J.: 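Okay, handing you the structure first.
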Amino acid sequence: MAQVPQTFFDALAVRTWCGLALEALGRAREEIDAINVYPVADGDTGTNLYLTVESAVTAVEAVFAAHEVEASDPGRPSLAEAARAMAHGALIGARGNSGTILAQLLRGMAQVLADDGDGAHTDGQGLRLALCRAADAARQAVAHPVEGTVLSVASAAADAAGGAEGDCGTVARAAYEGARTALAATPGQLAVLERAGVVDAGGRGLVAVLAALVETFTGEVPGAVAVTADARHARVRLSDGSQGVAGAAECVDGAPEEGGPAYEVIYLLEADDDAVARLRERLDALGDSLVVVGGDGLWNVHVHVDDAGAAVEAGVEAGRPYRIRITHFGAGDVHTVRGEGRPRERVQRAVVAVVPGEGLAGLYAEAGATTVLARPGEPPASGELVEALRRAHAREVVLLPNDPELRHTAAAAVEQVRAEGVRVSLIPTRSAVQGIAALAVHEPERRFDEDVVSMTSAAGATRYGEVAVAERQAWTMAGICQAGDVLGLIDGDVAVIGADVTATAETVLDRMLAAGGELVTLVLGDEAPESVAEHLEARVREAYLAVDTVVYRGGRQGALLLIGVE
């Protein structure tokens with residue numbers, strides 16, 4: 001269905017642009033992944049850009065949905081609200097080097113678009129200023145800017161837009177043409193691109209995003225963009241990925257790639273400006289490809305290092321890091337053996353699990369699972385689950401969503417990966433404790449179907465409970481709760497409303513054990529009282545002689561306590 005061109009840059013234009021950009025990156029993702037040779041030939045730039053924009057789309061849609069249900073203020077959000085949502089969504093969902101830079105580009109634009117407060121829209125002049133601010137903000141976020149990358153493409157787009165006179169459509173088209181010209185020049189600026197015979201992957205992604213901006217304001221879709229440095233090379237040079245990998249292995253920043261950092265570390269960080277300034281200095285000394293984007297107390301940190309632990313520790317000293325993601329360039333997302341240009345062999349079977357806290361992420365990882373960390377209130381999108389299923393790099397994959405709300409999202413991700421030739425089974429776990437039970441009986445040596453049946457049976461035989469604090473007044477199965485009440489849930493329904501965490505937890509546990517059980521699993525969140533686990537363990541020893549108890553630390557998992565009874 002054709003898009004109705006937007007005359008001004010308003011909230012609806014932000015929404016339309018984000019949606020079109022996601023579609024454009026979806027179409028170009030595989031192509032961009034294939035030409036990804038800098039700074040590391042890990043073949044995921046297109047995927048990372050897609051996931052970054054997907055997070056922005058989700059945030060913008062949430063703002064529109066909030067206005068539709070708000071009776072006192074129906075209608076559309078303001079331009080400032082939509083722009084800030086776009087920037088925030090991209091920031092918290094930014095993946096990889098290029099995705100992090102794109103998030104800062106969108107943040108720079110949002111700073112200008114939101115300057116008018118509750119203004120309904122801006123014009124071509126506002127768009128020019130936004131594109132210029134975006135390019136400046138992105139360059140400032142990178143510790144050591146390199147020409148021939150997405151930064152060069154962004155600067156060229158801003159320069160071209162700055163010289164354009166007219167409405168938003170005119171400015172957007174000028175920015176796109178400037179970016180496309182700069183993209184074609186990237187192989188002449190960066191030796192690794194010239195050797196591989198390709199343009200910069202991050203810059204190619206930005207051109208796709210700007211093409212969506214042109215479509216937003218004109219209704220016209222710009223023509224295709226060449227990805228090779230010379231048309232004579234065509235795509236045969238990249239058909240098996242060997243040329244791109246070989247080129248990337250030769251040199252990055254003038255040094256042999258084999259001697260480059262071993263890990264990519266990404267995390268969100270809550271910290272003040274002074275602490276982040278010190279963090280930049282420390283991370284710059286630890287590794288390279290350092291990009292720190294964000295502001296107003298929330299940052300996205302990206303760096304390539306040999307000592308991943310030191311990079312995380314630096315974040316802990318600066319503030320509160322979370323959504324920590326560490327990727328070894330010799331495994332995980334990297335689909336080639338570095339320096340050899342040959343595909344990395346897939347493992348036979350893997351488990352992917354969504355977990356609500358850092359502590360559980362560590363527990364699942366120790367058991368061999370690939371984890372997706374879900375922050376409370378921010379469930380992973382289907383694209384993030386697809387990426388995790390691919391990252392497992394296995395012929396057979398078991399997915400544990402560990403949340404009933406993720407049923408449809410997980411099913412969509414499974415279908416997408418199945419279409420790529422991977423055998424995937426979705427076990428409908430509704431809680432992390434059910435996932436623990438399933439993982440405990442996982443045996444990769446037996447037949448896939450038998451393993452899935454055993455894991456499904458173990459999860460299904462585990463009742464799950466939860467102790468949490470009510471955020472607002474609400475009707476529940478146990479009556480009306482008030483904000484601040486302690487809620488005890490069993491199998492997803494509120495069964496107990498209390499005032500004391502320990503007492504409520506004991507009541508929940510007793511009700512769960514009334515139907516029998518052999519093992520109690522307790523997962524404590526950071527906000528849970530220290531004494532609650534000891535009290536419940538003592539309760540089980542005294543009242544349920546044949547039942548064992550195991551306790552784990554879940555970290556920032558949202559709920560005060562998770563309870564499983566097998």
Side-chain angles (χ1 to χ4, degrees), residues 9-26 29 46-69 76-114 130 133-134 137-138 141 202 205-206 208-210 212-213 216 266-270 291-302 322-323 325 354 372-388 405-406 409 412-413:
F9 208 155
D10 58 7
L12 184 57
V14 172
R15 185 188 203 181
T16 301
W17 179 35
C18 287
L20 290 174
L22 187 64
E23 292 177 8
L25 288 171
R29 181 185 61 77
T47 299
N48 287 337
L49 289 170
Y50 180 88
L51 292 171
T52 301
V53 174
E54 183 182 52
S55 183
V57 168
T58 299
V60 172
E61 290 299 326
V63 167
F64 271 83
H67 275 265
E68 289 170 2
V69 301
R76 297 177 187 170
S78 66
L79 171 60
E81 289 176 304
R84 290 191 188 108
M86 171 186 69
H88 179 73
L91 176 66
I92 64 173
R95 308 300 286 261
N97 192 71
S98 295
T100 308
I101 293 173
L102 178 60
Q104 188 71 349
L105 287 166
L106 296 180
R107 176 178 170 80
M109 291 189 70
Q111 288 173 334
V112 172
L113 297 176
R133 175 75 66 83
L206 179 58
V209 172
L210 291 173
L213 188 64
T216 298
I266 304 173
Y267 50 79
L268 291 178
L269 177 71
E270 293 179 355
V291 185
V292 181
V293 305
D296 302 320
L298 180 62
W299 309 81
N300 191 305
V301 179
H302 171 281
Y322 58 96
R323 282 198 178 181
R325 183 170 181 266
V354 180
V372 178
L373 189 60
R375 191 184 187 196
E378 296 178 6
S382 62
E384 192 168 359
L385 294 184
V386 167
E387 185 201 20
E405 299 299 323
L406 288 178
T409 301

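Here the structure is a predicted model, which means the values were calculated and not measured.
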J.: Using 0.5 Å steps for rounding, measure from the OG atom of S98 to the NE2 atom of H302.
T.: 8.5 Å
J.: Taking side chain to side chain donor-acceptor pair (under 3.5 Å) as the definition, give me every residue that meets it alongside T47, ordered by chain and number, with sequence neighbours left out.
T.: R29, D33
J.: CG of N97 to CG of L49: how many Å apart, nearest 0.5 Å?
T.: 10.0 Å
J.: Could you name each residue pair satisfying salt bridge (Lys or Arg N to Asp or Glu O under 4.0 Å) that touches residues 100-111, not counting sequence neighbours?
T.: R107-D296
J.: How about T409 and P379: do any of their side-chain heavy atoms sit closer than 4.5 Å?
T.: no
J.: Say you draw a straight line from CE of M86 to CD of E81; how long is it, rounded to the nearest 0.5 Å?
T.: 13.5 Å
J.: At what distance, to the nearest 0.5 angstrom, does CG of L210 lie from CH2 of W17?
T.: 7.0 Å
J.: I need the T216 OG1 to L20 CG distance, nearest 0.5 Å.
T.: 4.5 Å
J.: According to salt bridge (charged side-chain N to carboxylate O under 4.0 Å, His left out), who are the partners of E61, at least two apart in sequence or on a separate chain?
T.: R15
J.: What side-chain donor-acceptor pairs closer than 3.5 Å can you find for residues 50-58, not counting sequence neighbours?
T.:
unit_1, atom_1, unit_2, atom_2, d
T52, OG1, N48, O, 2.8
T52, OG1, R95, N, 3.2
E54, OE1, G383, N, 3.4
S55, OG, G89, O, 2.5
T58, OG1, E54, O, 3.0

J.: Okay, side chain of Q104, backbone of A134: is any donor-acceptor separation there less than 3.5 Å?
T.: no
J.: Rounded to the nearest 0.5 Å, how far apart are OG1 of T16 and CG of L213?
T.: 11.0 Å
J.: Of all heavy-atom pairs between V63 and A85, which one has the smallest distance, and what is that distance?
T.: CG2-CB, 3.4 Å
J.: Kindly give the heavy-atom pair with the smallest separation between A374 and P380, and that separation in Å.
T.: CB-CD, 3.8 Å
J.: Listed by chain and number, what are the side-chain contact (heavy atoms from CB on, under 4.5 Å) partners of L91, not counting sequence neighbours?
T.: V293, L298, N300
J.: For L373, give me all partners under side-chain contact (heavy atoms from CB on, under 4.5 Å), at least two apart in sequence or on another chain.
T.: V355, E358, A361
